Novice: 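Once you've had a glance at the structure underneath, I'll fire off some questions.
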Amino acid sequence: MTRAALDGAHVTVERVYDHPEAEPGTVRVFVDRLWPRGVRKDSFHYDDWAKDLAPSTELRRWYSHDTSHFREFRARYRAELESDAGQESVDHVRALAQGHALVLLTATRDVAHSHAEVLAEFLEEKR
């Protein structure tokens, strides 16, 4: 779990399987492009599915969760977030979370080497 500040609130990264309930005062945003296999859409609470914030299909396939490529993945994903389309999606999530703690939800097993972790860092730096 990672914590960063977003306009005075916290950003937390969690796996969808670890804490499926809503928490008062939080906005929960699912940030994977693909829905996790075998998971019903009502099996965990999320306020928004921001699939446009996930890495592009090409980048996701290139990375393939090979941690030896994580440094390059981080740089490429951040470039996607800084694009016009990326900024629009980031602004959407910022508007949703305004004044609330933000929980970024992902189905990945290795959260420390995931796009959700990079996104949390990006939100912290660009606030």
Side-chain angles (χ1 to χ4, degrees):
M1 190 179 331
T2 299
R3 294 198 180 270
L6 175 72
D7 298 331
H10 287 287
V11 177
T12 305
V13 178
E14 293 182 5
R15 293 188 69 225
V16 297
Y17 312 102
D18 293 344
H19 191 173
E21 300 85 28
E23 296 176 26
T26 65
V27 173
R28 296 168 55 89
V29 179
F30 182 54
V31 294
D32 290 358
R33 186 168 300 277
L34 303 174
W35 194 262
R37 275 183 245 167
V39 176
R40 291 188 353 244
K41 290 197 175 169
D42 63 353
S43 66
F44 67 92
H45 174 79
Y46 61 98
D47 297 299
D48 193 47
W49 182 8
K51 58 180 124 181
D52 292 338
L53 271 178
S56 65
T57 300
E58 297 80 20
L59 181 56
R60 180 178 52 83
R61 287 181 179 159
W62 172 83
Y63 178 48
S64 191
H65 292 284
D66 180 347
T67 58
S68 68
H69 294 143
F70 186 67
R71 178 175 279 180
E72 178 67 20
F73 168 76
R74 173 185 276 136
R76 291 182 185 190
Y77 179 46
R78 291 175 65 89
E80 288 185 356
L81 291 171
E82 290 173 352
S83 72
D84 290 341
Q87 280 301 298
E88 188 174 317
S89 298
V90 166
D91 291 345
H92 170 74
V93 168
R94 284 182 187 280
L96 282 174
Q98 191 168 20
H100 300 282
L102 175 63
V103 179
L104 301 177
L105 299 167
T106 183
T108 189
R109 290 180 190 177
D110 184 358
V111 173
H113 295 99
S114 73
H115 72 286
E117 182 72 17
V118 176
L119 178 58
E121 293 170 2
F122 184 85
L123 290 170
E124 164 62 13
E125 294 167 8
K126 302 294 182 179
R127 64 183 150 121

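Positions are given from 1 along the sequence. Keep in mind that this is a model prediction, so the values were computed, not measured.
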Novice: Please confirm whether Y77 and Y63 have ring centers closer than 6.0 angstrom.
Specialist: no
Novice: So how far is it from L104 CG to L123 CG, rounded to the nearest 0.5 Å?
Specialist: 6.5 Å
Novice: Do S64 and D66 meet the criterion of a side-chain donor-acceptor pair at a distance under 3.5 Å?
Specialist: no
Novice: Centres of the F44 and W49 rings: under 6.0 Å?
Specialist: no
Novice: Between Q87 and L81, is there a donor-acceptor pair closer than 3.5 Å when you use the side chain of the first and the backbone of the second?
Specialist: yes
Novice: Would a hydrophobic clustering, with Ile, Leu, Val, Met, Phe, Trp and Tyr connected at side-chain separations under 4.5 Å, put L119 with W62?
Specialist: yes
Novice: Do D48 and H92 touch side chain to side chain, with heavy atoms closer than 4.5 Å?
Specialist: yes
Novice: When you measure from the side chain of R33 to the backbone N and O of P55, does any donor-acceptor pair fall under 3.5 Å?
Specialist: yes
Novice: D32 side chain to A107 main-chain N or O, any donor-acceptor pair under 3.5 Å?
Specialist: yes
Novice: To the nearest 0.5 Å, what is the distance between OG1 on T106 and CZ on R15?
Specialist: 8.0 Å
Novice: Should V16 and Y46 count as side-chain neighbours, where that means a heavy-atom distance under 4.5 Å?
Specialist: no
Novice: Taking the side chain as every heavy atom from C-beta outward, state whether V31 and H115 have any pair of such atoms under 4.5 Å apart.
Specialist: yes
Novice: Between S56 and L59, is there a donor-acceptor pair closer than 3.5 Å when you use the side chain of the first and the backbone of the second?
Specialist: yes
Novice: Please report the shortest heavy-atom distance between P36 and F30, naming the atom on each side.
Specialist: CD-CZ, 3.5 Å
Novice: I need the single residue from H69, R76, R74 that forms a side-chain hydrogen bond (donor to acceptor under 3.5 Å, both in side chains) with E72. Which is it?
Specialist: R76
Novice: Could you tell me the separation between the CD atom of E23 and the CD atom of E14, rounded to the nearest 0.5 Å?
Specialist: 6.0 Å
Novice: Out of the candidates V11, T12, T26, V13, only one should pair with L102 under the side chain to side chain contact (heavy atoms under 4.5 Å, CB included) rule; please name it.
Specialist: V11
Novice: As an exercise, state the distance from CG of D47 to NE2 of H100, rounded to the nearest 0.5 Å.
Specialist: 9.5 Å
Novice: Restricting to side-chain hydrogen bond (donor to acceptor under 3.5 Å, both in side chains), what partner residues turn up for D110, sequence neighbours left out?
Specialist: H113
Novice: Nearest 0.5 Å please: distance from the CZ atom of F73 over to the CZ atom of R60.
Specialist: 10.0 Å
Novice: Output yes when a side-chain donor or acceptor of T108 lies under 3.5 Å from a complementary backbone atom of V111, and no otherwise.
Specialist: no
Novice: Are V29 and V103 connected into the same hydrophobic cluster when the rule is that any two of I, L, V, M, F, W, Y join if their side-chain heavy atoms are below 4.5 Å apart?
Specialist: no
Novice: When rounded to the nearest 0.5 angstrom, what is the spacing between CG in L53 and CD in E88?
Specialist: 10.5 Å
